[in-house]
Engineer: 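For reference, the structure I am asking about is given below.
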2 protein chains.
Amino acid sequence: MRDGGTSSTVRKRADARRNEQTLLDAAAAVFVARGVDAPVRAIAAAAGVGMGTIYRHFPTRADLVIGVYRHQIDALVSTAAHLLAESESPAAALAQWMDGFVDFLVTKHGLAGALRSEEASFDTLHAYFLDRLVPACASLLDAATAAGETRSDVDALTLMHAAGNLCIGVEGGGDAASDAHRMVGLLIAGMRLPAVG
Amino acid sequence: MRDGGTSSTVRKRADARRNEQTLLDAAAAVFVARGVDAPVRAIAAAAGVGMGTIYRHFPTRADLVIGVYRHQIDALVSTAAHLLAESESPAAALAQWMDGFVDFLVTKHGLAGALRSEEASFDTLHAYFLDRLVPACASLLDAATAAGETRSDVDALTLMHAAGNLCIGVEGGGDAASDAHRMVGLLIAGMRLPAVG
DNA sequence: TCACAAACGGAACATCGCTCCGTATAGTGA
DNA sequence: TCACTATACGGAGCGATGTTCCGTTTGTGA
């Protein structure tokens, strides 16, 4: 289990705990203003700390990104079960959940792109997303497949990759965002099997 | 019309013409080996020329990329008409053409990613792709829509963007390439309308 | 042959991610 | 209250990269 920063295994110094929170807040603000790819220096400046401080708390920028969006990712994971229980069909639940995933990505400048970055430092981010979100997606996809609603030759990982890619370069809530939603919708529509009377 | 380098409006010096070709050849080789994002220095070194020479011939890296792939892009454009004439249906032609587009992107390390890059220097590349390929795609899509085979609420630009994005991060002919083909296939499947008796 | 425009090469500048180490300070036991 | 030490901080510095700039070299026409 990853240490979320509030763990008590080793109590950190008070200034360290304060700085970690300051950094998360500053990073969140900078990510909104300048995107997830904002220079580390800019985040350090916004938080009023030095470069060394950032890298001690968050060894790579990916760790900082995870720290900022952890709660939202976890929330996305937890909606999967609710949707499955409440939707009229597993396929509908899957479609709704993917829509939520797209919403999340589309409102974070550059996050979808960072997920696909080949930079080694983003491996952690990639891994975190996959660890958390793929199982959630798989639970919905498996249910839809078991119900005979969708084809079974596309796995959750591939589907998530595709949906993530379709969000690359989209920012804000404009036409591009609506296009991303529609394209992911088409993708899922393409997976549906005709109901067998 | 963009000057392809062989125009005769102003005859360039012999060494300049030679270097332009040397650069294109070297760039093609480096792109294969290290991807479209290879450092400019690496291309200059491979061509045995200085940095200044690269930038005089190709003001941005995008221009170099265009120079290297121009022929293949043009070929892709010209297949659209053939496919439309020879396929059994416009929708089938569209699907085949998109497959060719995916093939092209998937065999060029990082090209799909560069197309989505927000770097200003890639604008030229973006524009060239759109200028050439979107009309070709539109001709097929329009035909399919007119035949009542596909829905009419997705335009060629959006479709190309989506297909391009689905190829990001894919390299070589492995599983990822096959996934890209399948995902684009699903997208187009999602656009199909049921035949009306 | 000669002069000059054209073209070349690569040093230099700006920006970025990340590391390193000297300095400052929070927490603790006397 | 006061040292003392582990902890944390700050920012200069390194290596890599895209791009510009300018002194030097070279093709070419007269």
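To find a chain, count down the sequence lines: A is the first, B the second, and so on, and within it residues start at 1.
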Engineer: Taking the side chain of R61(B) as heavy atoms from C-beta outward, which of dT19(D), dG18(D), dG9(C) is closest to it?
Structural biologist: dG18(D)
Engineer: Restricting to side chain to side chain contact (heavy atoms under 4.5 Å, CB included), what partner residues turn up for Q72(B), sequence neighbours left out?
Structural biologist: Y69(B), F104(B), K108(B)
Engineer: Check whether more than 12 heavy atoms from other residues, nucleotides or ligands sit under 6.0 Å from atom CG of D175(A), and answer yes or no.
Structural biologist: no
Engineer: Is any side-chain N or O of T53(B) closer than 4.0 Å to OP1 or OP2 of dG9(C)?
Structural biologist: yes
Engineer: Figure out the CD/P separation between E20(A) and dA8(D), and round it to whole Å.
Structural biologist: 11 Å
Engineer: For the pair made of CD in Q21(A) and P in dA8(D), what is the distance, rounded to whole Å?
Structural biologist: 16 Å
Engineer: From the options dT17(D), dG10(D), dC8(C), select the nucleotide whose nearest atom is closest to the side chain of P39(B).
Structural biologist: dT17(D)
Engineer: Looking at the side chain of A14(B), which of dG17(C), dG9(C), dG27(D) is the nearest nucleotide?
Structural biologist: dG27(D)
Engineer: Between M51(B) and A38(A), just flag the one whose closest nucleotide in DNA chain C comes earlier from the 5' side.
Structural biologist: M51(B)
Engineer: Rounded to the nearest angstrom, tell me the gap between atom CZ in F122(A) and atom P in dC18(C).
Structural biologist: 8 Å
Engineer: In this structure, how many angstroms lie between the C1' atom of dA24(C) and the CZ atom of R18(A), rounded?
Structural biologist: 14 Å
Engineer: Looking only at the side chain of R13(A) (C-beta and beyond, no hydrogens), which of the listed nucleotides dG11(D), dA6(C), dA6(D) gets closest?
Structural biologist: dA6(D)
Engineer: Please determine whether a side-chain nitrogen of the Lys or Arg among R18(A) and D15(A) lies less than 4.0 Å from a carboxylate oxygen of the Asp or Glu.
Structural biologist: no
Engineer: Salt-bridge test for E119(B) and R61(B): reply yes if a basic N is under 4.0 Å from a carboxylate O, no otherwise.
Structural biologist: no
Engineer: Would you state whether a donor and an acceptor, one from the side chain of R56(A) and one from the base of dA8(D), lie under 3.5 Å apart?
Structural biologist: no
Engineer: State whether the side chain of D63(B) and the backbone N or O of T60(B) hold a donor-acceptor pair below 3.5 Å, judged by distance alone.
Structural biologist: yes
Engineer: Would you kindly give the CZ-to-P distance between R17(B) and dT26(D), to the nearest whole Å?
Structural biologist: 18 Å
Engineer: Check the distance between dT7(D)'s C1' and D15(A)'s CG and give it to me in whole angstrom.
Structural biologist: 8 Å
Engineer: Whole Å only: how far is the OH atom of Y55(A) from the C1' atom of dC21(C)?
Structural biologist: 17 Å
Engineer: So does N19(B) get a side-chain nitrogen or oxygen closer than 4.0 Å to the phosphate oxygens (OP1/OP2) of dC8(C)?
Structural biologist: yes
Engineer: Quick check on DNA chain D: between G52(B) and E119(B), whose nearest nucleotide comes earlier from the 5' end?
Structural biologist: E119(B)
Engineer: Kindly say if H57(A) contacts the phosphate of dA8(D), meaning a side-chain N or O under 4.0 Å from OP1 or OP2.
Structural biologist: no
Engineer: Taking atom C1' of dG11(D) as reference, at what distance in whole Å does atom CZ of R41(A) sit?
Structural biologist: 10 Å
Engineer: Any side-chain N or O of S121(B) under 4.0 Å from OP1/OP2 of dG18(D)?
Structural biologist: no
